[in-house]
Amino acid sequence: MSDPTPGRLPLHDASVVDSIGADLRAAQYNSDGVAALLGDEANAALGGGVWWPALRATSSAPTEHRPLATLIRLFLLGSDEPREAAEQAFASTPLDALAANGVVEFVDDERVRAVLDIRPHADDVRDYLVVSDQDAAMRSGPVGHDHVLGIGGASISLARAIIRDPVESALDLGTGCGIQALHLGTHVDRIVATDTNPRALALAAATARLNGMSWDLREGSLFEPVGDERFDLIVSNPPFVVGAGSQDYEYRDSGMEGDALCARLIRELPAHLNPGGTAQLLANWIVYEDADWRDRVGSWIAETGLDGWVVQRELADPVDYISLWLSDAGEEPEQIAARGSAWLDWFERGRIAGIGMGVITLRDRRGGPDGPPDVVIEEITGAGEEVTGPEAKAFLDRRDYLRATSDDALLAARLKTAPVFLDAQSLPSDEGWQEIGASVRRPGGPGAVLGVEDVSRALLAGCRGQVPLGALIELLADFHDVDADALAQAALPVVREAIGRGILYEVR
């Protein structure tokens, strides 16, 4: 959707942004207010993409909540609303000013509809308002080339994965509507946010102003807008969609062929991280036929010299991947078919088996333990095993601990087993159930599973933080009548793996 005022970016008038904010606050247009008016069932349905219960709930709102009901229908349901109702909802902001700033448009003399999506968004710290374009599900016709995405599953997953340690400076590369910068505001003193799309920067500026924040917003591609500046934290949800290199929509297409954007972004990161700095980003990568995707992504990271944790959360086949992105744009069926066919032809010519999708965490270890870069690349697809900020931080800390701790120091350490489940796999036999395998699993930990046999199971059970690991191994060696040194040599790799997965930790 293009701005209805030619030559003007949306929400170009800061006084109108302030007036909108005052009206939204007066109507209690926030997460709690919306949830209270809709009720639990309708609010949950709306969160799952089912809109009609919310329309029903707002239609019967009491008089004192009608401004809030109107705002919900305009911005969250995409409905046309009477001018009189919109004027009541925006008591201090003239509709003409809203239209001139690209917030609403006049359907006719009697009705208005929203052009922008302004919606409440909350985390554990506070409630926010986020400004974006309305998506294709709420508007007729395809979205504009400069369409600005709102809050989606990818942006939420990245926000949850960010390590929230307080830092002085952060870069939000490809800010879009500004959702990552909003969350950075809880723990970062200075935020620089960039985008190639002027419309995105205008909406991000409005998002910041509505929430009483100030960001250094800059236009440009990748790291060009920041020159040689360095940051303590870099986050990015870039336009990573894998394709032939066209740029049909700025929010998804980089204009670079294949996964070149993600490769270049990663390779250029080290020049912009402070010592000890961290970068976290979402990425897509090509998975070729008869090739290991780990080698491809690993080669990008190897060039950086950074520590890394790459988690592939999903592997999409070409048809599913293309369909996912074609469904967002609101194009006509004939256009979808033509675009999809050409896209699939490109995949087939390149012998591409699928596209990996995941989260990458990188760290500049300067000032930390010596040694070569430590990179872990793995696939973790289980529900409830998403990468979170606390888990990402704990993972990096555990890798530091393992690098800095010798085998002798580990044998002298008092280790304790985290709260875990023991899962046994058995098959029926003539003598009853026969166990064929077992593992311990730390609930909620990404990839926090370790296969165990009798000795390692007993060792983990004995790790209660009371006696040194070496003493436990000696006890087990005596019980099984084996050499203690040989058992220690066999057990230490398992212990290190358990520590790396957060299943064991040292009690200090």
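- A donor and an acceptor atom, one from each side chain of T361 and Q280, are located under 3.5 Å apart.
- For D146 and N197, the side-chain atoms include no donor-acceptor pair closer than 3.5 Å.
- In summary, D216 and R190 do not engage in a salt bridge, as defined by a charged side-chain N under 4.0 Å from a carboxylate O.
- Residues V115 and V104 share a closest heavy-atom pair of CG2-C, 3.7 Å.
- Around atom CD of E41, no more than 12 heavy atoms belonging to other residues, nucleotides or ligands sit under 6.0 Å away.
- Side-chain polar atoms of H272 and R230 form no donor-acceptor pair below 3.5 angstrom.
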Going through the distances and angles, do W300 and W285 end up as a side chain to side chain contact (heavy atoms under 4.5 Å, CB included)? CA-CA 11 Å; W300 302 344; W285 44 80; 3.8 Å; yes

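- Counting non-hydrogen atoms of other residues, nucleotides and ligands closer than 6.0 Å to CD of E64 gives a total above 12.
- Using a distance-only test at 3.5 Å, with no hydrogens or angles considered, a donor-acceptor pair links the side chain of R442 to the main chain of G502.
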May I have the step-by-step check of side chain to side chain contact (heavy atoms under 4.5 Å, CB included) for S31 and Y128, ending in yes or no? CA-CA 8 Å; S31 296; Y128 307 98; over 6 Å; no

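- Applying the 6.0 Å contact sphere to CD of E229 captures more than 12 heavy atoms from other residues, nucleotides or ligands.
- A salt bridge links D165 and K393; the closest N-O separation between the charged side-chain nitrogens and carboxylate oxygens is under 4.0 Å.
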Begin from the C-alpha positions of L116 and L11 and carry the test side chain to side chain contact (heavy atoms under 4.5 Å, CB included) through to its verdict. CA-CA 10 Å; L116 298 181; L11 291 171; 3.8 Å; yes

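- If you check the side chains of D172 and T175, you find a donor sitting under 3.5 Å from an acceptor.
- Under 4.0 Å is where a charged nitrogen must lie from a carboxylate oxygen, and between R363 and D400 at least one such pair does.
- H183 and D123 share a side-chain donor-acceptor pair at under 3.5 Å.
- The existence of a salt bridge linking D80 and R73 is excluded, since no basic side-chain nitrogen approaches an acidic carboxylate oxygen closer than 4.0 Å.
- Remark: R441 CZ is packed, more than 12 non-hydrogen atoms of other residues, nucleotides or ligands lying under 6.0 Å away.
- At a cut-off of 3.5 Å, with distance as the only test, no side-chain donor of T196 or S221 sits close to an acceptor on the other residue.
- Looking at E378 and R313, no side-chain N of the basic residue comes within less than 4.0 Å of a carboxylate O on the acidic one, giving no salt bridge.
- S236 and L158 make their closest contact through O-CD2, 3.5 Å (heavy atoms, listed as atom of the first residue, atom of the second, distance).
- The pair E81-R111 does not meet the salt-bridge criterion, since no charged nitrogen lies less than 4.0 angstrom from a carboxylate oxygen.
- F75 and Y29 have tilted rings, their planes meeting at an angle from 30° to 60° on a 0 to 90° scale.
- Between the side chains of D23 and T93, a donor-acceptor pair is found at a separation under 3.5 Å.
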For a side chain to side chain contact (heavy atoms under 4.5 Å, CB included) check, start with the C-alpha distance between V310 and V376, then their side-chain angles and the critical distance, and finish with the verdict. CA-CA 6 Å; V310 180; V376 177; over 6 Å; no

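- No donor-acceptor contact under 3.5 angstrom links the side chains of E379 and W293, judged on distance only.
- Pairing each heavy atom of P120 with each of N30, the nearest pair is CB-C, 3.6 Å.
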